[in-house]
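Before any comments, here is the structure.
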Amino acid sequence: MPFGEVVCGAPGSGKSTYCFGKHQLFTALNRPISIVNLDPANDNIPYSCAIDIASLITLQDVMDEHGLGPNGGMLYCMEYLDANFDWLEARLKELGTDAYVLFDVPGQVELSTNHEALKHIVQRLTKIGFRLAAVHLCDAHYVTDAAKYVSVLLLSLRTMLQLELPHVNVLSKVDLIVQYGDLDFNLDFYTEVQDLSYLENALNASSPRYTALNMALCSVIEDYSLVGFETLAVEDKASMLHLTRAIDRATGYIFVPPHDAPAPEGTLEASSVPASTRPNTFSLFSSAAGPMTGSMGDVQERWIDAREQWDAFERKEWRQEGEMIREAREREKAMQGERRGKSGIRERK
């Protein structure tokens with residue numbers, strides 16, 4: 001059964017950067033991953049695509065042929081993909097049943113909030129066997145302004161209701177949040193979407209004419225009680241691994257490594273059958289059924305309260321790790337030299 005993520009979010013939220021970072025991470029972990037670019041306007045793709053919608057249709061061709069603007073052309077492209085879903089289905093089948101696929105969708109928010117084309121595509125992907133989760137990226141700097149934060153909550157809520165998938169909202173670029181000013185509350189207030197009435201003073205100060213409207217919108221968000229956020233610093237390995245685990249729990253994905261991979265004794269069956277049919281108790285209880293590690297307090301300390309100290313600590317750790325790697329390589333070269341010397345002596349004898 002193939003698994004995957006529908007990576008959505010407003011323009012500039014870091015969707016392509018996230019896909020590229022996840023491709024690098026999974027490649028290092030020897031986990032399967034393929035990326036499908038569904039943005040017909042994205043012609044500067046940083047990652048290698050398994051499938052690119054540009055092979056089917058491009059935004060520029062639509063604008064030239066039909067006289068549409070960028071937004072209308074984008075909607076046309078997604079409707080065209082929906083009508084020609086068999087093109088996408090045929091190429092997805094070539095990836096195999098053990099594939100893990102990232103669908104990098106366009107940034108136009110109406111596609112994931114009220115237009116039906118993307119929703120139809122997601123439903124059809126589910127029908128052909130994909131277990132998907134929606135990963136909705138929002139720029140973390142919006143939490144520094146109460147009005148923008150409420151708008152992000154509404155956008156996230158509408159996306160959750162529209163796509164009808166297991167959903168993980170993400171505050172991306174959390175490592176840059178200090179550049180936009182101080183937070184009125186701790187970070188967990190924003191990620192857990194706690195009592196929004198505490199935002200009343202800030203909202204009224206910025207828009208006193210709309211006090212009743214502001215509080216009514218907050219009430220809608222709290223009545224649904226669906227929205228929450230994970231955080232992401234895409235260049236930080238720990239942050240990427242934490243988010244990966246949260247998404248795996250949402251989809252139920254359990255990575256089963258090859259039977260000859262290093263693992264605790266008895267956790268892998270010595271069998272050559274596909275990974276999707278081999279049981280793995282260790283992977284089950286260390287991923288989907290295991291507890292989530294770390295807390296939002298740790299994230300705040302790392303990126304907001306004590307960032308300079310953490311950066312210095314990590315640089316020290318990296319230097320020590322580099323020295324250990326160099327020493328290991330030098331020992332290996334010395335051992336190889338000794339073996340070559342001994343073999344030469346035996347040959348002369």
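Heavy-atom basis, side chains included; hydrogens, waters and symmetry copies ignored.
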Supply the atom-to-atom distance [X] [atom1] to [Y] [atom2], rounded to the nearest 0.5 angstrom.
X    : Y    : atom1 : atom2 : result
R307 : D311 : CZ    : CG    : 5.5 Å
L102 : S34  : CG    : OG    : 8.5 Å
Q108 : D39  : CD    : CG    : 7.0 Å
N214 : R209 : CG    : CZ    : 12.0 Å
L183 : I304 : CG    : CD1   : 4.5 Å
I51  : D104 : CD1   : CG    : 13.0 Å

Counting neighbours of [atom1] on [X] that are heavy atoms of other residues, nucleotides or ligands and sit closer than 6.0 Å, is the number greater than 12?
X    : atom1 : answer
F85  : CZ    : yes
Q320 : CD    : yes
E308 : CD    : no
D182 : CG    : no
Y198 : OH    : no

Checklist entry - Who pairs with D139 by side-chain contact (heavy atoms from CB on, under 4.5 Å), at least two apart in sequence or on another chain? => result H141, Y142, K173
Heavy-atom side-chain contact between [X] and [Y] under 4.5 Å:
X    : Y    : result
F3   : D248 : no
D175 : R302 : no
T159 : L155 : yes
C218 : S197 : no
N42  : S16  : yes
F103 : L118 : no
L161 : Y224 : yes
L75  : L111 : yes

In a table with atom names and distances, give each donor-acceptor pair under 3.5 Å that connects a side chain of residues 126-134 to protein atoms at least two apart or in another chain.
from : atom 1 : to   : atom 2 : distance (Å)
T126 : OG1    : V122 : O      : 3.0
R131 : NH2    : T251 : O      : 2.7

For the pair [X] (side chain) and [Y] (backbone), establish whether a donor and an acceptor sit closer than 3.5 Å, ignoring hydrogens and angles.
X    : Y    : value
N204 : N201 : no
Q300 : L187 : yes
E230 : T244 : no
N84  : W87  : no
S112 : V109 : yes

Next on the checklist: Can you tell me which residue among V170, V168, L153, V143 is in a side chain to side chain contact (heavy atoms under 4.5 Å, CB included) with F229?
Outcome noted: L153
Is the ring pair [X]/[Y] parallel, tilted or perpendicular, if the boundaries are 30 and 60 degrees?
X    : Y    : value
Y149 : Y190 : perpendicular
W310 : F313 : perpendicular
H167 : H136 : tilted

Checklist entry - Can a donor-acceptor pair be found between the side chains of D61 and T58 at a distance below 3.5 Å? => result yes
Checklist entry - Tell me the ring pair (Phe, Tyr, Trp, His ring centres under 6.0 Å) pairs involving residues 40-63, sequence neighbours left out? => result none
Shared hydrophobic cluster for [X] and [Y] (ILVMFWY, side-chain gaps under 4.5 Å):
X    : Y    : value
V101 : L25  : no
L243 : V152 : no
L38  : L125 : yes
L176 : F20  : no
I247 : M160 : no

Testing the basics here: between [X] and [Y], what is the closest heavy-atom pair and its distance to 0.1 Å?
X   : Y    : result
K15 : V7   : CD-O, 3.8 Å
G73 : L59  : C-CD1, 3.4 Å
P40 : C77  : CG-CB, 3.6 Å
Y18 : L232 : CD1-CD2, 3.7 Å
I35 : C19  : CD1-O, 3.5 Å
L81 : L56  : CD1-CD2, 3.8 Å

Item to check | Verdict with reasoning, D188 to Q194, per side chain to side chain contact (heavy atoms under 4.5 Å, CB included) | outcome: CA-CA 8 Å; D188 59 357; Q194 298 175 7; 4.2 Å; yes
Next on the checklist: Run the side chain to side chain contact (heavy atoms under 4.5 Å, CB included) test on Q123 and E164 for me, step by step, so that the C-alpha distance in whole Å, both residues' side-chain angles and the decisive distance to 0.1 Å come before the verdict.
Outcome noted: CA-CA 9 Å; Q123 290 173 342; E164 299 177 342; 4.2 Å; yes
Next on the checklist: side chain to side chain contact (heavy atoms under 4.5 Å, CB included) for L199 and F185? Distances and angles first, verdict last.
Outcome noted: CA-CA 10 Å; L199 298 175; F185 305 95; 3.9 Å; yes
Next on the checklist: Looking at R124 and E89, is there a salt bridge between them, counting it only when a charged N and a carboxylate O are closer than 4.0 Å?
Outcome noted: no
Next on the checklist: Please evaluate residues R91 and V36 with respect to the criterion side chain to side chain contact (heavy atoms under 4.5 Å, CB included), reporting the C-alpha separation (whole Å), side-chain torsions for both, the decisive distance (0.1 Å), and the verdict.
Outcome noted: CA-CA 10 Å; R91 283 154 181 79; V36 176; over 6 Å; no
